[in-house]
Structure formats: structure tokens, C-alpha cells
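As the structure is a computational prediction, the values presented were derived from the model and not from experiment. Quick note on labels: first sequence line is chain A, next is B, and so on, each numbered from 1.
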Number of protein chains: 2
Amino acid sequence: MTESPLPKFRRRKAERPGEIVAAALDVFAEKGFAAARLDEIARRAGVSKGALYLYFETKEDLFRAVVHDVVAPKVRPVAEGAAAMDAPFEVVIRAALGRLAGLLNSDRRVGAVAKVVIGESRNFPELARIWKENVLLPGITTMTGVIARGQARGEVKPGDPRLYAFGFIGPVLVSMLWRETFVPVGAEPIDVERLVEQHLDAVLGGLLT
Amino acid sequence: MTESPLPKFRRRKAERPGEIVAAALDVFAEKGFAAARLDEIARRAGVSKGALYLYFETKEDLFRAVVHDVVAPKVRPVAEGAAAMDAPFEVVIRAALGRLAGLLNSDRRVGAVAKVVIGESRNFPELARIWKENVLLPGITTMTGVIARGQARGEVKPGDPRLYAFGFIGPVLVSMLWRETFVPVGAEPIDVERLVEQHLDAVLGGLLT
DNA sequence: GCGTAATAACTGACCGGTCGGTTAGTTACG
DNA sequence: CGTAACTAACCGACCGGTCAGTTATTACGC
């Protein structure tokens with residue numbers, strides 16, 4: 001017999017954090033925060049539970065890394081891309097909501113983690129804070145700016161831009177919550193693309209000057 | 001010494017279930033489903049944990065009673081009241097959304113339990129089923145009927161009434177989630193009444209024929 | 001090159017505390 | 001008294017976090 005060529009583990013300091021964060025995103029999206037098991041995250045990342053604590057202080061710290069390193073980089077470009085467009089308001093807002101719907105369709109884990117934040121923020125306020133700072137405020141601020149710019153150009157009726165922003169994105173978010181929460185127990189699915197189109201036709205018909 | 005005149009407990013078979021359900025609503029609204037402790041529900045209801053199991057089979061069974069006996073009776077009249085109105089569509093929809101906003105403002109536990117359902121449905125699908133059947137389907141069905149009636153009367157543009165329903169209630173629900181989730185960690189509050197007014201002005205301006 | 005000592009990445013068993021649900025026994029009350 | 005409402009102690013399973021020990025890898029002496 002030659003020596004056993006099968007090491008029990010490898011030392012891969014550089015790759016571990018990314019792999020752990022990726023596994024954590026999957027498990028948090030599937031189970032929520034409290035119900036996510038660190039043993040399972042470790043198993044999926046191919047390490048032992050103890051190794052998690054070499055790279056992250058606590059479970060909340062790991063969640064912060066998930067939002068900061070993976071979720072936020074997916075969401076931010078949606079709003080920023082719209083803000084950077086130099087086009088009539090109607091074109092910009094249609095692009096923005098279309099991209100948002102596309103993102104929520106292409107990676108269901110984003111919506112799933114949003115659900116987690118909503119559902120567990122009372123027991124873990126830190127989750128709400130993390131989400132607010134990394135995802136929500138950048139998105140809302142940019143969106144509000146786009147609407148205000150439309151008003152300054154005389155394209156959009158007067159009114160609180162922030163409330164208009166809720167009017168635009170509310171139905172999209174609710175349709176995502178519907179899909180994640182009630183479709184699995186038999187509710188009729190919603191066609192988000194059509195919802196966005198019909199909603200914008202309705203709102204813009206009344207909102208544009 | 002005479003005999004101790006202070007009984008350790010009273011036998012109150014008729015009142016117990018209602019008191020337990022009321023306590024359970026409070027605790028579920030505060031902590032969520034998984035994190036709600038049966039000991040605490042029992043304590044607030046003035047009984048021992050064992051007594052809970054004289055009236056309810058499991059924790060999920062208790063949650064079902066909360067939704068069926070307390071939450072649904074608060075929500076159903078909102079939609080049904082609107083459906084029963086014989087008035088122009090604009091009046092009916094304004095009344096419906098106004099009452100919904102009023103309900104969510106007057107008893108925050110309703111919104112809090114909705115959050116619980118959203119956040120924990122993946123781990124406890126039964127919660128979603130209970131909410132869907134007791135709250136959601138009655139509400140959506142009635143709402144869709146109101147919109148379809150408006151279309152039949154020629155007051156509302158053509159289009160899928162169900163998608164319009166999401167367009168109407170989406171912003172209200174999102175503002176409730178915002179209040180429950182992010183205002184406690186420092187986000188700017190929203191004036192729901194104004195949101196409803198401004199949103200309806202915008203949508204109806206484009207939606208009415 | 002080649003053994004070997006030093007280092008740190010990593011493992012896995014373990015602990016204290018928690019909680020849904022059970023049940024043996026106690027008490028109110030007709 | 002009889003009985004059923006009620007209590008309180010209990011159980012088994014679970015899990016975040018810890019840490020003593022193991023092993024891959026590197027540094028170094030020769």
C-alpha cells in the first residue's frame with residue numbers, strides 16, 4: 001500500500017468565506033433565520049460547524065455577510081440602472097419595474113430572504129437593520145429621486161414622491177409574497193410581467209400630465 | 001384558623017377557550033409562531049400549560065383558532081361591506097381601502113399576524129393554508145367582484161380584475177409591512193391615509209373611463 | 001532534496017439551556 | 001363522593017456556541 005492519498009480536509013482559507021456565505025444564503029432562504037441550522041450550512045459548505053466560527057462571529061454576523069455580499073449586489077443595480085437612464089419618466093419607470101420583476105423571477109432566493117426579514121424582524125431587529133441599510137434605503141432613495149426628477153421636468157403630477165414609490169413597487173412586492181407564501185398551498189399564481197404592465201398602464205394613465 | 005378560602009384555580013370550562021385564544025393572539029403577534037412559547041400563552045391566559053391541551057390539540061391548532069375566531073371576523077366585514085355598497089365604483093373602492101387602512105391602524109395585531117404567516121409559511125405551510133382560506137380568498141374574491149362589477153357597468157377600463165386588485169391593495173399592505181418591520185429600526189414612517197388617497201387619485205385618474 | 005518542527009485551519013464531541021408535549025396527581029364543585 | 005377541570009413536574013429532542021485535540025501545510029535546518 002502506498003500512503004493514503006485522501007486527506008480528511010483541505011486548508012483553503014481564501015475560498016471558505018465565500019462558500020459558507022453561498023451555503024448560508026440557500027439555507028436562510030429555505031428555512032428562515034431562527035430555523036436555519038448552522039450544522040446544515042456547514043454541511044452544505046463542506047466544512048464542520050466549528051469552521052464557521054473561524055470566519056464569522058455569530059449567526060447574525062453570517063446573515064449580515066449574506067445580505068451585504070450577495071443580495072445587495074443583485075438589487076442595487078436595478079435601481080441605479082434606472083436612475084442613470086436619460087429618458088422620459090414613463091420609459092425609466094417601466095424599465096425599473098421590469099428589471100425588479102425580472103430579478104425576483106430569476107433568483108427566488110432574493111424574495112425568500114426578504115420574507116425572512118419581514119417575518120423575523122421582531123425577534124431579530126438586527127435583520128431589519130441590515131436589510132434596511134443594504135437594500136431598502138438605497139432602493140427607495142433612488143426610486144424617489146427618479147420620481148422627483150420626473151416631477152421637476154413636469155412629466156409627473158405633484159405629490160409626495162415617496163408615496164408614489166410605494167404605489168409603484170407595492171403590487172410587485174405583494175405579488176412576490178403571494179408567490180412565495182400562498183401559491184405553494186394552492187393559490188392561483190400571478191403573472192408578474194402582466195401585472196407590472198397593466199398596473200403601469202393604469203397608474204401612468206392617471207399620473208402623467 | 002378557618003379553612004383557606006382562596007382556591008388555587010377555578011373550573012371555567014366555557015370561558016377558557018376564548019381567554020386562551022386571546023392570549024395566543026397577543027403572543028403570536030409579538031413573537032411569531034415558532035418563537036411563541038406555550039408557557040407564556042398559558043401564563044397570560046391565567047392557566048397552566050397543561051390546560052391548553054384540554055382545549056387545543058397542538059400549537060398549530062391553537063393558531064388556527066386565533067385566525068378563525070378573531071382575525072377573520074375582523075377582516076371579512078371590510079371587503080363584504082364594500083361589496084354590499086350600491087354606489088359608483090370610485091366611492092366603493094375608496095371606502096374599501098379606507099376601511100382596510102383603518103383596520104390595520106386600529107389593531108396592529110392583524111398586520112403582525114399577517115407578517116407571521118408570510119415569514120413562517122415555508123416551515124409551517126399550514127399557517128399559509130389557514131390564512132388563505134379564512135382571510136385571503138374571501139377578501140380577494142370580494143375585491144375582484146367589486147372591480148368586475150365596475151367594468152360591467154362601464155366605469156372601469158378592461159383588464160384582469162385580479163391584477164387590478166393587487167394594484168389597489170399592494171401599496172397598503174407594503175406600507176403596513178414597512179411600519180411593522182422597518183420603522184422600529186429607524187425608517188421614516190408612512191402616513192397610510194395619505195398614501196391611500198394619493199394612490200387612488202393616481203390610479204383612478206388613469207383607470208376610470 | 002529531505003526530514004522535522006512550527007503553525008493554523010479544521011474537526012467533532014460536548015454543554016447548558018430551551019421547549020412542545022405528556023401524565024400522574026390534586027382540587028373544585030355538583 | 002365522583003368526576004372532570006386543572007396543575008406541575010417531567011421527558012426527550014434539539015441547537016448555538018465552545019474547545020481540546022487532529023491534521024494539512026509551511027518554514028527551516030542540514
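Of all non-hydrogen atoms in B:Ser121 and A:Thr181, the two that sit nearest each other are OG-CG2, 3.5 Å. Heavy atoms only, all atoms of each residue included: A:Phe89 and A:Ile147 are closest at CE1-CA, 3.8 Å. Looking at every heavy atom in both residues, A:Gln151 comes nearest to A:Pro161 through OE1-CG, 3.6 Å.
Here the rule is side chain to side chain contact (heavy atoms under 4.5 Å, CB included) with B:Met143, and of B:Leu100, B:Val78, B:Leu97 only B:Leu97 fits it.
Counting heavy atoms from C-beta on, the side chains of B:Phe166 and A:Trp178 come closer than 4.5 Å. With contacts defined as side-chain heavy-atom distances shorter than 4.5 Å, the pair A:Phe33/A:Glu60 qualifies.
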- Between protein and nucleotides 4-16 of chain D, map the contacts as a letter string: B base, S sugar-phosphate only, - none, heavy atoms under 4.0 Å, written 5' to 3'. BSBBB------SB
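Rounded to whole Å, the distance from CD on A:Glu15 to C1' on C:dC10 is 14 Å. One interatomic measurement links the two molecules: CG of A:Leu62 to C1' of D:dG17, which rounds to 13 Å at whole-angstrom precision. For A:Glu60 and D:dG17, the CD to C1' distance is 14 Å, given to the nearest whole Å. Whole-Å rounding puts the B:Phe63 CZ to C:dG20 C1' distance at 17 Å.
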